[in-house]
Amino acid sequence: MAVDPYAWIEQSLATIHRADWYRSVQTINGDPGATVLLEGREVINFASNDYLGLAGDWRLIAAATAAIQEYGTGSTGSRLLSGHRKLHCELEEAIASLKQTEDALVFSSGYLANLGTITALVGKRDLILADQYNHSSLKNGAILSGATIIEFPHCDVCALKSELQRVRQNYRRCLIVTDSVFSMDGDLCPLPALLELAEEFSCMLLVDEAHATGVLGKTGAGCVEHFGCTGRQLIQIGTMSKALGSLGGYVAANATLIDFLRNRASTWIYTTALSPADAAAALAAIHVVQQEPQRHTQLWQNVAQLKELMQKYLPNQRLLPSESPILCLQLPSAADALKVGQYLKSAGIFAPAIRPPTVPTSRIRISVMATHEAAHIEKLIQSLHSWFEKL
Ligand SMILES: *Cc1c(COP(=O)(O)O)cnc(C)c1O
């Protein structure tokens with residue numbers, strides 16, 4: 001009798017379970033915010049990418065609702081056929097103005113922006129140098145491009161330089177690719193040094209500002225602004241799904257590059273345009289970011305409060321180095337991380353365990369929001385403190 005060709009799937013799932021790598025969804029009801037209803041229970045939310053608390057903001061809701069009333073729910077086609085609306089233009093202008101670039105292009109997600117941009121920029125004769133901790137979308141974009149990929153150790157500029165000296169001349173084009181805020185660690189890429197190497201070795205540089213947009217820099221423009229590198233030649237990718245509280249990805253760069261992507265990025269050309277509601281919400285969010293710097297200030301005050309309390313009450317725990325609202329407590333194993341995550345949940349705190357294969361070492365990942373209150377942060381520290389005390 002023939003072997004069941006699908007039988008391996010069950011075995012594979014069993015292996016995932018044995019390694020404590022199994023994942024499943026958890027349902028949240030009601031508004032997104034600093035506290036949420038998780039499986040029917042109110043918990044303090046340290047698991048959200050909505051850093052400025054905009055996903056439930058009435059102005060975004062009003063903008064999205066008005067866009068649906070004016071344009072309907074679907075954009076009905078790709079941007080180059082029937083899907084383009086004035087809203088897309090306005091959003092692209094707003095992103096370019098926030099980023100201080102000549103132009104910008106919005107994609108249906110950040111993931112698609114990375115896949116489409118990388119595959120448009122490099123191919124078989126080219127080289128990609130990638131930080132080993134890059135986001136999945138950068139890794140898969142690199143693979144899909146067909147370029148030769150060399151990973152360099154996390155944020156290691158010396159290692160990157162010696163790879164460039166060793167192999168750069170063997171390739172036509174070269175693209176250096178990195179997260180700007182590392183999404184599962186919270187640290188920053190060494191941007192000024194990367195820009196210098198890119199210039200010296202004639203490489204393009206692509207940075208993924210997913211967790212930096214609306215969060216870093218004086219005006220919320222991102223890590224590029226934070227490092228004083230605004231106006232330098234590079235390619236910035238980002239998302240509207242995190243601090244901007246909506247959905248969709250973007251590329252911000254010079255006008256020539258954006259024009260080229262409109263002609264060559266297959267994940268932009270062959271997919272349906274971003275929905276009117278998502279575009280309108282993201283546009284409203286950029287206006288809020290630009291008009292209400294106090295949200296940004298509050299976010300960083302909350303980060304400072306949490307870091308201070310951690311040092312005071314959890315001095316023996318391994319906090320990964322972070323310069324963002326993402327703070328990670330390293331734990332010895334996936335099982336340990338799951339236990340702490342479960343304990344926190346039972347204490348009314350939502351801060352998930354992040355495990356391999358997403359990251360090399362297991363951890364509890366905490367993201368701070370501008371809308372967290374001091375009492376929320378104190379409760380988190382108390383709960384973590386009592387867990388580690390018990391051990
Ligand atoms: C979340 C994230 C993305 C994907 O963005 P989406 O808009 O959610 O698809 C890309 N890169 C990084 C670094 C991210 O954290």
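Since the model is a prediction, treat every value here as computed from it, not as a measurement.
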Task: Other residues, nucleotides, ligands: >12 heavy atoms within 6.0 Å of R125 CZ - done: no
Open item on the list: Could you check whether any side-chain N or O of H296 sits under 3.5 Å from a backbone N or O of G217, counting only pairs where one atom can act as donor and the other as acceptor?
Closed with: yes
- [ ] Sort out for me which residue in R166, Q165, K161 forms a side chain to side chain donor-acceptor pair (under 3.5 Å) with E163.
- [x] R166
- [ ] Count the heavy atoms of every other residue, nucleotide or ligand shown that sit under 6.0 Å from NZ of K312, and state whether that count exceeds 12.
- [x] no
Open item on the list: Starting from W8 and following side-chain heavy-atom contacts under 4.5 Å between hydrophobic residues (I, L, V, M, F, W, Y), which residues can be reached?
Closed with: Y6, I9
Open item on the list: Are there over 12 heavy-atom neighbours, none belonging to Y313, within less than 6.0 Å of that residue's OH?
Closed with: no
Open item on the list: Taking N114's backbone N and O only, do any of them form a donor-acceptor pair with T117's side chain (distance below 3.5 Å, no angle check)?
Closed with: no
- [ ] Run the ring-centre check on H376 versus F46 and record whether the distance is less than 6.0 Å.
- [x] no
Task: Short side-chain to backbone donor-acceptor contact, D179 and H135, under 3.5 Å - done: yes
- [ ] Examine distances only and state if a side-chain atom of H372 and a backbone atom of N45 form a donor-acceptor pair shorter than 3.5 Å.
- [x] yes
Open item on the list: Taking I28 as the starting point, is it possible to reach I44 by hopping between hydrophobic residues whose side chains are less than 4.5 Å apart?
Closed with: no
Open item on the list: So does A334 get a backbone contact from the side chain of S362, meaning a donor-acceptor N/O pair under 3.5 Å?
Closed with: yes
Open item on the list: Test your reading of the model: is there a side-chain donor-acceptor pair from K99 to the backbone of G222, 3.5 Å cut-off?
Closed with: no
TODO: Grab the two heavy atoms, one from A159 and one from P153, that are nearest each other, plus how far apart they are.
DONE: CB-CD, 3.6 Å
